[in-house]
A.B. asks: 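Handing you a structure now.
Values below: every heavy atom of this structure, side chains too, minus hydrogens, waters and symmetry copies. First the proteins, then the strands, lettered A, B, ... as listed; each starts at 1.
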Protein chains: 2
Amino acid sequence: MRLVVARCAVDYDGRLTAHLPMAVRLLLVKADGSVSIHADGGAYKPLNWMSPPCALTEQPGLWTVRNKTGETLTITIDEVMSDTSWELGADPGLVKDGVEAHLQALLAEQCEAIGAGLRLVRREYPTDIGPVDLLFRDAAGATVAVEVKRRGEIDGVEQLTRYLERLDRDPLLRPVRGVLAAQEIKPQAKVLAGQRGIECVVVDYDELRGREPTTPRLF
Amino acid sequence: MRLVVARCAVDYDGRLTAHLPMAVRLLLVKADGSVSIHADGGAYKPLNWMSPPCALTEQPGLWTVRNKTGETLTITIDEVMSDTSWELGADPGLVKDGVEAHLQALLAEQCEAIGAGLRLVRREYPTDIGPVDLLFRDAAGATVAVEVKRRGEIDGVEQLTRYLERLDRDPLLRPVRGVLAAQEIKPQAKVLAGQRGIECVVVDYDELRGREPTTPRLF
DNA sequence: TTGTTGATTTCGCAA
DNA sequence: TTGCGAAGTCAACAA
């Protein structure tokens with residue numbers, strides 16, 4: 001990893017055209033070839049960047065970064081305050097918990113959080129427009145299709161609507177009802193779901209995780 | 001801006017739980033208070049971060065970053081290779097061109113790119129679920145609602161469908177037809193649009209921009 | 001390679 | 001403040 005602090009101007013020409021006037025900034029060159037230009041704000045997002053794979057050509061006062069689709073980043077350097085390189089080695093990487101995949105797994109095991117009398121048919125039930133997160137049968141033999149989201153928004157309702165339309169054509173599944181299960185559901189999504197006859201279920205991730213039996217319990 | 005290269009382990013507890021084992025990384029502390037932890041890969045995205053506003057508490061070998069919603073980033077530092085600070089000053093900021101807003105403006109002026117005989121009613125025509133990008137009348141007195149995208153995808157068709165449903169209820173506008181205008185339209189979006197009776201128009205941004213008269217021309 | 005979906009998305013605008 | 005749509009979204013994963 002190379003860290004350069006320099007007064008520079010930047011031009012990006014690719015999916016759009018963008019220009020940065022001359023100012024002091026951090027140029028961050030990673031081992032993967034990516035170059036990013038950071039100012040003292042804007043959280044973690046750089047002002048401008050080039051994603052790998054790309055090639056950096058260095059001339060005195062002028063860096064040119066190019067990728068294979070022809071996008072270019074041109075960095076005009078006026079003055080270099082600092083230029084250091086560091087050997088970081090391969091990173092062991094991030095271990096995450098609490099994302100949608102885990103929520104889906106928990107709900108597959110704990111159907112009762114969605115409704116009484118459900119039996120799992122399968123996770124990632126395939127349709128011709130993509131897999132439905134969870135498919136259940138209810139006590140009456142009807143099919144229940146569940147879309148799992150961390151946050152339930154309009155997109156999730158639209159997505160589930162498309163699945164329901166497909167599933168309901170299958171005589172082996174019909175009738176199919178839909179459930180949007182999320183840790184949090186936006187009001188607009190609730191309204192749209194209501195109009196479409198889709199049930200909204202707010203699930204508590206910590207509670208699901210806490211209830212998950214690592215070993216069977218007696219009570 | 002402060003740049004620290006250090007061997008560290010990181011724990012994030014907030015919207016999810018995440019852990020980074022001990023390794024050498026870059027800690028980037030910006031003037032806006034944000035902290036991000038970069039490895040030598042993953043393009044411009046840090047492995048872990050805390051967005052502003054947040055507060056950094058520094059103890060020997062232990063940094064704690066906290067925001068007001070209670071998310072915490074705990075950085076355990078084993079060894080500091082480098083610790084430098086730089087005064088960058090306010091950045092003049094990025095100048096962009098080529099985004100959807102500009103495309104919308106160009107199409108408002110150059111209706112003929114969408115269809116013959118159109119007359120602009122208004123840009124950002126309001127409905128109760130949000131504004132329609134462009135609304136026109138055609139020669140026959142019918143209304144034409146246009147959704148402008150840089151890239152036309154399924155979402156754009158869904159969005160336009162919702163608008164059309166609303167607009168078509170208005171006796172002053174009815175009948176309303178829909179047009180998806182984009183620099184590039186994905187096949188799946190074309191298929192869905194076709195099923196919904198929505199017309200797809202691929203527009204050439206450079207051509208529109210080139211045709212735009214900065215001063216009136218005679219030919 | 002293409003398409004789809006998730007993301008600690010982030011960011012900006014407007015109500 | 002909240003909500004919603006756009007992003008040079010990026011990135012992972014499946015077909």
A.B. asks: Specify the separation, in whole Å, of atom CZ of B:R151 and atom C1' of D:dG5.
C.D. replies: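 Rounded to whole Å, this separation is 15 Å.
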A.B. asks: List in numerical order all residues of residues 20-53 of chain A for which some heavy atom is under 4.0 Å away from an atom belonging to DNA chain C.
C.D. replies: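 Within residues 20-53 of chain A, the residues near DNA chain C are A:G42, A:A43, A:Y44, A:K45.
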A.B. asks: Can you tell me how far P in C:dT8 sits from the matching atom in C:dT4, rounded to whole Å?
C.D. replies: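 Approximately 22 Å lies between the P atom of C:dT8 and that of C:dT4.
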A.B. asks: May I ask you to verify if any side-chain N or O of A:K149 is less than 4.0 angstrom from the OP1 or OP2 atom of C:dG6?
C.D. replies: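 Yes, because at least one side-chain N or O of A:K149 sits under 4.0 Å from OP1 or OP2 of C:dG6.
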A.B. asks: Round to a whole Å and report the spacing from CD1 of B:I154 to C1' of C:dG6.
C.D. replies: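 Atom-to-atom, B:I154 to C:dG6, this comes out as 16 Å.
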A.B. asks: Does OP1 or OP2 of C:dG6 have a side-chain N or O of A:Q104 closer than 4.0 Å?
C.D. replies: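 No, outside the criterion.
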A.B. asks: Using only side-chain N and O atoms of B:Q188, determine if any of them is under 4.0 Å from OP1 or OP2 of C:dT4.
C.D. replies: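 True: B:Q188 side-chain N/O within range (under 4.0 Å) of C:dT4 OP1/OP2.
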A.B. asks: At 4.0 Å (heavy atoms only), tell me whether B:K68 reaches a base, stays on the sugar-phosphate, or touches nothing.
C.D. replies: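 Sugar-phosphate contact only - B:K68 comes under 4.0 Å of backbone atoms but never of a base.
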A.B. asks: According to the interplanar angle, ranging from 0 to 90°, do the rings of B:H38 and A:H38 count as parallel (below 30°), tilted (30 to 60°) or perpendicular (above 60°)?
C.D. replies: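 It falls in the perpendicular class, over 60°.
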A.B. asks: Between A:Y205 and A:H102 (judged by ring centroids, cut-off 6.0 Å), do the two rings come close enough to count as a pair?
C.D. replies: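 Yes - the distance between ring centres of A:Y205 and A:H102 falls below the 6.0 Å cut-off.
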A.B. asks: Collect all protein-nucleotide pairs involving nucleotides 13-15 of chain C in which both atoms are nitrogen or oxygen and the distance is under 3.5 Å.
C.D. replies:
none

A.B. asks: Please determine whether a side-chain nitrogen or oxygen atom of B:R15 lies at a distance below 4.0 Å from atom OP1 or OP2 of C:dG6.
C.D. replies: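 No.
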A.B. asks: In whole Å, measure the gap between the C1' atoms of C:dA14 and D:dG8 for me.
C.D. replies: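 Looking at atom C1' only, C:dA14 and D:dG8 are 24 Å apart.
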A.B. asks: Does C:dC11 have its OP1 or OP2 closer than 4.0 Å to a side-chain nitrogen or oxygen of B:K96?
C.D. replies: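 Negative; the distance criterion is not met.
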A.B. asks: Is any side-chain heavy atom of B:V132 closer than 4.5 Å to a side-chain heavy atom of B:L167?
C.D. replies: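 They are in contact (side-chain heavy atoms under 4.5 Å apart), so the answer is yes.
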A.B. asks: If only side-chain N and O atoms count, and only distance matters, is there a donor-acceptor pair under 3.5 Å linking A:R137 with A:T143?
C.D. replies: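 A:R137 and A:T143 do have a side-chain donor-acceptor pair below 3.5 Å.
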A.B. asks: Between A:E109 and A:R123, does any NZ, NE, NH1 or NH2 come within less than 4.0 Å of an OD or OE carboxylate oxygen?
C.D. replies: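 No, no charged N to carboxylate O under 4.0 Å.
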A.B. asks: Tell me if the CZ atom of A:R66 is crowded by more than 12 foreign heavy atoms within 6.0 Å.
C.D. replies: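 No, because the 6.0 Å sphere around CZ of A:R66 holds 12 heavy atoms or fewer from other groups.
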A.B. asks: Quick check on side-chain contact (heavy atoms from CB on, under 4.5 Å): which of A:T161, A:V179, A:L192 does A:I198 satisfy it with?
C.D. replies: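 Single side-chain contact (heavy atoms from CB on, under 4.5 Å) partner of A:I198 among A:T161, A:V179, A:L192: A:T161.
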A.B. asks: Is the count of non-hydrogen atoms from other residues, nucleotides or ligands lying under 6.0 Å from A:Q195 atom CD greater than 12?
C.D. replies: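 More than 12 heavy atoms, drawn from other residues, nucleotides or ligands, come within 6.0 Å of this atom.
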A.B. asks: With heavy atoms under 4.0 Å as the rule, sort A:Y163 into base, sugar-phosphate or nothing.
C.D. replies: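 If one applies the 4.0 Å heavy-atom cut-off, A:Y163 turns out to touch the sugar-phosphate alone, with no base involved.
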